[in-house]
Amino acid sequence: MSVRVRIAPSPTGNLHVGTARAALFNWLYARANDGVFIVRSDDTDRDRSTAEYEAGILESLRWLGLDWDEGVSVGGPHGSYRQSDRYERYREVAEQLVASGAAYYDQRPTDELEALRQKAQKEGKHPGYYIRRPETEADSGVIRLAIPQDAPIVFDDVIRRTVSFAPQDVDDFVILRSDGIPTYHLASTVDDIDYEITHVARGEDLLPSTPKHILIARGMGAGEPIYAHLPLLFGTDGKKLSKRHDASSLTEFRDAGYLPDAVFNYLCLLGWSVDGETTIFSRDEAVAAFDLADVSKNPATFDTEKLEWMNGEYIRAMDPSRFSELVVPFVEEAVGRQLDEAELARFEEISPLVQERTKLLPEAGEQVTFLFTEIGEYDEKSWDKVMTKEGVSDVLAAAAERLGGLPVWTAEAIEESLRAMLAEMEVGVGKGLQPMRVAVTGSSVSPPLFESMAVLGQEKTIARLDTARTRLTR
RNA sequence: GGUCCCGUCGUCCAGAGGCCUAGGACGCCGGCCUUUCAAGCCGGAAACGCCGGUUCGAAUCCGGUCGGGACUGCCA
């Protein structure tokens, strides 16, 4: 039987990194086994689900480069792949389960159930221990699955090997709410069976729910899929990935200037590796090496710093013209306006030098604003550090004069001229060039100086040297 | 509280009884290169949670312990 896997996000927010990684592993497994990758919308939470979120999630999946063969928006033999369109089917299954005795109606009031829970807790038992099929059957209310108490529920998890639950520790959980809407457990399991999902790879948080899903599947007279419970993802603080401190949705990563290839590569490494040595690899290499059984068992901490490093690697490996093209919007954002054609040409000149020192796309913009806007304020630290030294004024004056007389305005010519000048003045190269850098770019950190001057233009360069010197004498 | 899962450098991953004086990557520290910052190159510090057992031999197997996490809803 060919592999059929799925990712089933709830459209109640943007695509979370945890979900994205689960999607990624499912996708890898499908592609590695010539299988089918399905995207389903688990939108049974009517209050929180929106079409906008759903569209956003799909867009994020595409952005990451995960294409799907069946499911929401691409269609397939199973309709819309939205659970909200299948309420009748779930109700039908629930009724069947009642008819076969596998489930029952329960209309006990909540306070009665709560009392039973507390009693069980007090006795050190599972809270649902006493919530079992009542003596007298009801004919309305919620529908609960009756957990057969005679045997443990055992299954083989691809990642965790054999997992076993005692029936006393599985509660008679609700499968159909009193308003006729299915719960997650029912809807998800019915879909997995109806869509003939062969492998369910999902977060480890669902491990305790797995016996429930297996029992529903059995009640339907179907075989259960093979399960693979992925280790959870945590934030750098060791806690669950938080929305406050970490970027947690894929759109945030995109907006922060991360490349999809880098995010893809990094996410692969959270719980899996090609061989323990290889860090940077392509999608094809990942597909060729991937197996669910190789996914590690322990939870992974999301390390933004490593992702950033990796993003830098991908940026440096990028075709220069592609980089330039990609980064222009960020430059315009930093400059605060659109660039005209001449400015774009100037940016392209210096772009390769910026590419080498960019980890996140927006940084590229910040590095070159000096080319397109006047220096409003010099970086205070830079100024204090390099401009307050002795002889700075002389160096700036001499440089302005030298450069004013330069017949050819190229980086090479500028370099030659300034080096000669500093040699004559007997000023060290580092010591002499730094003030010019601050004068021209506003900061002691910038792209290489000669190229920066070349792109800025002769007139502006000289003007800035003068401006800085004037400010110095005040 | 109960059930289940997990436990190798700060972090991620490798290691499936001898190849381990434990390997790779990020980060960190030092050096080189150098017009700054990056990048690059070289070097360094840094881990098998603990206790027993099995075995000639254990990071690898078993038990216990401690620690972390998930779940415990008419949320998903």
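Side chains included, hydrogens not; waters and symmetry mates left out as well; all remaining heavy atoms used. Per chain, numbering begins at 1; letters A, B, ... match sequence-line order.
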Can you tell me if the side-chain N/O atoms of [X] get under 4.0 Å from OP1 or OP2 in [N]?
X      : N      : answer
A:T301 : B:rC12 : yes
A:N298 : B:rU8  : yes
A:R437 : B:rC37 : no
A:T44  : B:rA76 : yes

Work out how far the [atom1] atom of [N] is from that of [M], and round it to whole angstrom.
N      : M      : atom1 : answer
B:rA22 : B:rA16 : C1'   : 15 Å
B:rA46 : B:rU54 : C1'   : 32 Å
B:rG1  : B:rG10 : P     : 28 Å
B:rG2  : B:rG18 : C1'   : 42 Å
B:rU8  : B:rG67 : C1'   : 15 Å
B:rG44 : B:rA25 : P     : 13 Å
B:rG7  : B:rC51 : C1'   : 15 Å
B:rA39 : B:rA59 : P     : 37 Å

Task: Earlier contact from the 5' end, RNA chain B, for A:V429 and A:T358 - done: A:V429

Task: Nearest-nucleotide comparison on RNA chain B, the residue closer to the 5′ end among A:R419 and A:E123 - done: A:E123

How would you label the contact of [X] with the nucleic acid (heavy atoms, under 4.0 Å): base, sugar-phosphate, or nothing?
X      : result
A:G271 : sugar-phosphate
A:D179 : nothing
A:R144 : sugar-phosphate
A:Y129 : nothing
A:P231 : nothing
A:S446 : base
A:H185 : base
A:V142 : base
A:L206 : base

Open item on the list: With a 6.0 Å cut-off (strictly less than), is the heavy-atom count around CD of A:E92, excluding the residue itself, greater than 12?
Closed with: yes

Return the nearest nucleotide to the side chain of [X]; candidates are [options].
X      : options                : value
A:P299 : B:rC6, B:rU35, B:rC12  : B:rC6
A:L232 : B:rA70, B:rG73, B:rA76 : B:rA70
A:P448 : B:rC13, B:rU36, B:rG73 : B:rU36
A:S296 : B:rA39, B:rC13, B:rG73 : B:rC13
A:R316 : B:rG40, B:rA70, B:rU36 : B:rG40
A:R357 : B:rU36, B:rA76, B:rC13 : B:rU36

Open item on the list: For A:Y227, does the six-membered ring have the charged nitrogen or CZ of A:R202 within the cation-pi criterion, i.e. under 6.0 angstrom from the centroid and within 45° of the normal?
Closed with: no

Just checking, any donor-acceptor pair under 3.5 angstrom between side chains of [X] and [Y]?
X      : Y      : answer
A:E95  : A:Y90  : no
A:Q434 : A:R437 : yes
A:E363 : A:T358 : no
A:S282 : A:E285 : yes

Protein-nucleotides 3-5 of chain B N/O pairs closer than 3.5 Å?
from, atom 1, to, atom 2, distance (Å)
B:rC5, O2', A:R160, NH1, 2.8
B:rC5, O2', A:E204, OE2, 2.7

Task: Of A:T279, A:I280, A:L259, the residue whose pairing with A:E313 passes side chain to side chain contact (heavy atoms under 4.5 Å, CB included) - done: A:I280

Task: side chain to side chain donor-acceptor pair (under 3.5 Å) partner of A:D43, chosen from A:S10, A:S84, A:S49 - done: A:S84

- [ ] For A:T19 and A:L15, indicate whether the former's side chain and the latter's backbone hold a donor-acceptor pair under 3.5 Å.
- [x] no

Whole angstrom is fine here: how far is it from [atom1] in [X] over to [atom2] in [N]?
X      : N      : atom1 : atom2 : answer
A:L456 : B:rU35 : CG    : P     : 21 Å
A:D379 : B:rU36 : CG    : P     : 17 Å
A:F281 : B:rA14 : CZ    : C1'   : 13 Å
A:H229 : B:rG69 : NE2   : P     : 20 Å
A:L116 : B:rU72 : CG    : C1'   : 15 Å
A:I175 : B:rG73 : CD1   : P     : 17 Å
A:E416 : B:rU35 : CD    : C1'   : 16 Å
A:L270 : B:rA14 : CG    : P     : 12 Å

Pairing partner of [N] (Watson-Crick or G-U wobble, both distances under 3.5 Å):
N      : result
B:rA70 : B:rU3
B:rA39 : none
B:rG49 : B:rU65
B:rC12 : B:rG24

Task: Aromatic plane relationship, A:F290 with A:Y29 - under 30° parallel, 30 to 60° tilted, over 60° perpendicular - done: perpendicular

Open item on the list: Classify the ring geometry of A:F165 against A:F155: parallel below 30°, tilted from 30° to 60°, perpendicular beyond 60°.
Closed with: parallel

Task: Annotated protein contacts, base or backbone, on nucleotides 24-31 of chain B with a non-hydrogen cut-off under 4.0 Å, one of B, S, - each - done: BBBS----

- [ ] Could you check A:R6 against A:D191 for salt bridge (Lys or Arg N to Asp or Glu O under 4.0 Å), going step by step and ending with a plain yes or no?
- [x] CA-CA 10 Å; A:R6 100 286 122 125; A:D191 282 358; over 6 Å; no

TODO: Scan A:W309, A:F302, A:Y258 and name whichever one has a ring-ring contact (aromatic ring centres under 6.0 Å, His included) with A:Y266.
DONE: A:F302

Task: Partner of A:E54 by salt bridge (Lys or Arg N to Asp or Glu O under 4.0 Å), out of A:R82, A:R40, A:R48 - done: A:R82

Open item on the list: Let's test your reading of the model: under 3.5 Å, does the base of B:rC74 pair with the side chain of A:S178 as donor and acceptor?
Closed with: yes

